[in-house]
Amino acid sequence: MATKAAITAVGGYVPDFRLTNKVLETMVDTTDDWILSRTGIKERRILKDDTLGTSFMAIKAAEELIAKNNINPAEIDLVIVATATPDMPVASTAAYTATQIGAVNAFSFDLQSACSGFLYALSTGAQYIETGKAQKVLVIGADKMSSIIDYTDRTTCVIFGDGAGAVLLEPNEEGLGLQDSIMKSDGGGREFLHIKAGGSQMPATHETIDNRLHYVHQEGQQVFKFAVTNMADVSEQIMSRNNLTAEDVTYLVPHQANLRIISATAKRMGIGEEKVMLNIDKYGNTTSATLPLCLWDYQNKLKKGDNLVFAAFGGGFTWGSIYLKWAINPAK
Ligand code: UT7
């Protein structure tokens with residue numbers, strides 16, 4: 001049997017500060033009712049300390065995983081940090097994270113695929129395990145979205161939050177772990193979801209700052225349409241090509257961007273809401289961190305052999321789905 005890449009440990013971190021819908025009502029022209037009914041979000045976590053970047057949360061999530069599972073960080077071969085908000089435009093956030101957690105023998109890199117970042121990183125990390133190139137791969141999804149959100153723009157500031165989640169990938173010879181993946185992208189979508197300035201195409205100037213071009217710009221309705229169709233399409237496709245019925249799926253692990261997108265995906269897959277991992281109500285959209293934070297919250301409900309279908313959609317556009325068999329029983 002071919003070696004598969006299994007998730008053998010999970011860690012997570014969210015900052016303490018809760019930005020509630022009620023507080024947002026005092027910041028922009030919005031209501032708790034609008035936010036809850038349109039998105040499913042009640043509150044999100046914010047990393048308040050301006051001196052701390054995404055690596056702070058990535059390190060916390062990794063440290064929790066390492067401590068809880070008695071991992072020797074020196075044995076980690078590769079650290080991938082999926083993030084849209086690196087600490088700095090140049091200097092790998094993954095390299096800093098790896099060094100800080102004691103993964104002194106690992107190589108490391110950042111992976112930027114917006115809200116699909118963790119999914120892409122999981123499938124990339126799995127290749128190193130499947131080919132025998134690595135024995136322990138740490139895949140982290142972390143984003144400090146509050147650093148790129150305009151808190152005067154009600155169409156985006158109600159949606160996003162900060163957080164980090166981490167998983168360890170190790171070889172499995174029993175057929176458990178990552179079974180299949182479908183990864184997609186379409187650059188035609190970038191006009192609908194992007195940060196215009198601060199990159200090579202439009203470097204920072206006084207003018208770009210005055211025009212607030214360093215913040216996330218999203219045309220919500222357009223992105224919504226593509227997200228609903230594409231997330232449902234790939235989830236249905238991965239089920240059918242692996243002969244999975246709705247009964248076979250233990251959980252859908254969906255990107256937490258909007259409860260209505262998640263419900264549409266579950267409906268197309270024919271699965272009930274009790275089989276959908278959800279935490280959008282308490283964290284909002286944490287971009288690269290949504291999927292590992294779902295695993296972090298639901299890990300005690302999962303047992304060896306459970307069938308998970310991951311699905312995500314994000315800026316780029318990027319999207320995809322992964323079918324994974326869970327490899328561990330909950331800790332006693
Ligand atoms: O994670 C990466 C991928 N991103 C996504 O998947 C996000 C996809 N998009 C969405 O989730 C939704 O489009 C949003 C939650 C962003 C917006 O919800 P919507 O139901 O598509 O609202 P809309 O943009 O069509 O706006 C409806 C109305 C507008 O007012 P008018 O033009 O009808 O008078 C907006 O100006 O709601 C208004 N509006 C708000 N009202 C109160 C927009 N934001 C707010 C707000 N509070 N925060």
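Counting starts at 1 for both ligands and their atoms, in listed order.
The aromatic rings of Phe226 and Phe317 sit tilted relative to each other, their planes meeting at an angle between 30° and 60°.
Among the atoms of Ile35, none of the N or O lies under 3.5 angstrom from an N or O of ligand 1. Every N/O-N/O distance between Thr31 and ligand 1 stays at or above 3.5 Å.
Remark: atom 8 (C) of ligand 1 lies closer than 4.0 Å to at least one protein heavy atom. At a distance under 4.0 Å, no protein heavy atom can be found next to atom 34 (O) of ligand 1. Within the 4.0 Å cut-off (strictly below), a protein heavy atom is located near atom 19 (P) of ligand 1. For atom 22 (O) of ligand 1, the nearest protein heavy atom is under 4.0 Å away.
Taking all heavy atoms of Gln221, Gln218, Met231 into account, the minimum distance to atom 4 (N) of ligand 1 is reached by Gln218. The heavy atom nearest to atom 38 (C) of ligand 1, considering only Met145, Glu25, Arg154, is found in Arg154. Among Ile159, Asn258, Ile261, the residue whose heavy atom lies closest to atom 12 (C) of ligand 1 is Asn258.
The existence of a salt bridge linking Lys60 and Glu63 is excluded, since no basic side-chain nitrogen approaches an acidic carboxylate oxygen closer than 4.0 Å. Remark: Lys282 engages Asp297 in a salt bridge, criterion side-chain N to carboxylate O under 4.0 Å.
The shortest separation from a heavy atom of Glu219 to ligand 1 is not under 4.0 Å, leaving the residue out of contact. Note on ligand 1: Val223 sits in its first shell, one or more heavy atoms being nearer than 4.0 Å. Contact annotation: Leu24 has no heavy atom less than 4.0 Å from any atom of ligand 1.
Of all atoms in ligand 1, listed by their number and element, those nearer than 4.0 Å to a heavy atom of Arg38 are 19 (P), 20 (O), 22 (O), 27 (C). With ligand atoms numbered from 1 in the order given, ligand 1 contributes 15 (C) to contacts under 4.0 Å with heavy atoms of Thr39. With ligand atoms numbered from 1 in the order given, ligand 1 contributes 48 (N) to contacts under 4.0 Å with heavy atoms of Val158.
Side-chain contact check for Gln112 and Thr83: no donor-acceptor pair (N or O, by modelled atom type) lies under 3.5 Å. Using modelled atom types, one finds no donor on one side chain facing an acceptor on the other under 3.5 Å when comparing Asp143 with Thr286. Between the side chains of Thr318 and Ser116, at least one donor N or O lies within less than 3.5 Å of an accepting N or O.
Residue contacts with ligand 1, taken as heavy atom pairs separated by less than 4.0 Å, involve Asn285 solely via side-chain atoms from C-beta onward.
Contact annotation: the side chain of Glu174 approaches that of Lys304 to within less than 4.5 Å [non-hydrogen atoms, C-beta and beyond].
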